Amino acid sequence: MFNRMLRQVRRIPRGKVATYGDVASAAGFPGSARQVAWALHQSSGLPWHRVVGSGGKILLAGEAGFEQRMRLEGEGVRFHGLRIDMKEHHHSFFPRKRSSRKKKIR
DNA sequence: GATATGACGTCAT
DNA sequence: CATGACGCCATAT
């Protein structure tokens, strides 16, 4: 399960962010936002800083939160006070629509 | 199995 | 915007 969530996290492109709930849903476990947090604790080498709370707020405490914010800003994420511009940086996990590609993608 | 905890989310006050 | 309450679910003890 965590594996599944972590996979979504890896999918988040640089300069974008996603919420715990979004990742959980994308992984197929709506309502299990907490487990996403757990997954991030467990694993490493992931863009954990691209995962924030609902509304784009950083939930981490103290230094960790500070570091996360710094990283995000470094990736081009604009902050609105203590929150992130979700309108700009909210990453939408692509809906899986993979079928006959009639049109040549050029 | 029961209880407590946590990088959560949403709603009501 | 801050708080409190409830719902949710994997781990830890």
Side-chain angles (χ1 to χ4, degrees):
Chain A
M1 140 189 273
F2 285 169
N3 198 2
R4 194 101 174 216
M5 299 171 161
L6 299 173
R7 207 147 115 199
Q8 307 306 323
V9 175
R10 282 197 188 91
R11 247 175 151 154
I12 305 173
R14 180 156 87 59
K16 294 229 171 178
V17 298
T19 71
Y20 297 92
D22 284 345
V23 174
S25 290
F29 304 94
S32 301
R34 293 190 129 128
Q35 280 52 265
V36 175
W38 248 91
L40 292 179
H41 258 248
Q42 265 259 296
S43 331
S44 27
L46 293 157
W48 59 273
H49 52 273
R50 298 193 189 134
V51 184
V52 297
S54 172
K57 32 187 200 198
I58 292 183
L59 306 176
L60 269 165
E63 296 295 312
F66 191 72
E67 168 131 14
Q68 178 170 20
R69 167 154 183 180
M70 196 172 67
R71 279 172 175 254
L72 289 172
E73 286 186 320
E75 291 187 351
V77 176
R78 293 252 253 162
F79 274 73
H80 223 272
L82 298 176
R83 295 193 176 162
I84 296 174
D85 261 315
M86 293 304 274
K87 315 235 165 204
E88 289 298 318
H89 308 291
H90 181 235
H91 166 68
S92 291
F93 293 95
F94 272 53
R96 13 216 85 299
K97 268 205 293 224
R98 208 104 265 142
S99 293
S100 17
R101 179 167 311 222
K102 322 174 120 189
K103 283 207 173 146
K104 183 167 79 144
I105 187 128
R106 198 280 223 273

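All chains are named by letter (A, B, ...) in the order of the sequence lines, taking the proteins before the strands, and each is independently numbered beginning at 1. Small disclaimer: the values here were computed from a predicted structure and weren't measured.
Atom CZ of residue Arg34(A) and atom OH of residue Tyr20(A) lie 12.0 Å apart, to the nearest 0.5 angstrom. The distance from atom CZ of Arg83(A) to atom OG of Ser54(A), rounded to the nearest 0.5 Å, is 8.0 Å. Distance NE2/His89(A) to NZ/Lys16(A): 9.0 Å, rounded to 0.5 Å. Atoms CZ and CG, from Arg78(A) and Leu72(A) in turn, are 14.0 Å apart once rounded to the nearest 0.5 Å. Atoms CZ and CZ, on Arg4(A) and Phe29(A) in that order, are 6.0 Å from each other to the nearest 0.5 Å.
Contact footprint of chain A on DNA chain B: nucleotides with an atom under 4.0 Å from a non-hydrogen protein atom, first to last in 5' to 3' order, dG6(B) to dT10(B). Running 5' to 3' along DNA chain C, contacts with non-hydrogen atoms of chain A at under 4.0 Å begin and end at dG7(C) to dT11(C).
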- Message: Test side-chain contact (heavy atoms from CB on, under 4.5 Å) on Ile12(A) and Phe93(A); report intermediate values, then the result.
- Response: CA-CA 8 Å; Ile12(A) 305 173; Phe93(A) 293 95; 4.2 Å; yes

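At a threshold of 4.5 Å between non-hydrogen side-chain atoms, the residues His49(A) and Met70(A) do not count as touching. Between Gln8(A) and Ser25(A) there is no side-chain heavy-atom pair separated by less than 4.5 Å. Between Val9(A) and Leu40(A) there is a side-chain heavy-atom pair separated by less than 4.5 Å.
Remark: the backbone N or O of Gln68(A) is not paired with any side-chain donor or acceptor of Glu73(A) at under 3.5 angstrom.
For the segment residues 43-63 of chain A, residues with any heavy atom less than 4.0 angstrom from an atom of DNA chain B are, sorted by number, Trp48(A), Gly53(A), Ser54(A), Leu59(A), Leu60(A). Across residues 65-93 of chain A, not one residue has a non-hydrogen atom less than 4.0 Å from an atom of DNA chain B. Near DNA chain B, meaning a heavy atom under 4.0 Å away, the residues from residues 29-37 of chain A are Ala33(A), Arg34(A), Gln35(A), Ala37(A).
With Val52(A) as the fixed residue, the side-chain contact (heavy atoms from CB on, under 4.5 Å) test singles out one of Leu60(A), Asp22(A), Ile84(A): Ile84(A). Partner of Arg50(A) under the side-chain contact (heavy atoms from CB on, under 4.5 Å) criterion, out of Arg11(A), Arg14(A), His91(A): Arg14(A) alone.
Other residues, nucleotides and ligands place no more than 12 heavy atoms under 6.0 Å from the CD atom of Glu88(A).
Among residues two or more places apart in sequence or in another chain, the side chain to side chain donor-acceptor pair (under 3.5 Å) test is passed with Glu67(A) by Arg71(A).
In this structure, Arg69(A) forms a cation-pi arrangement with Phe79(A), its terminal cationic atom sitting closer than 6.0 Å to the ring centre and no more than 45° off the ring axis.
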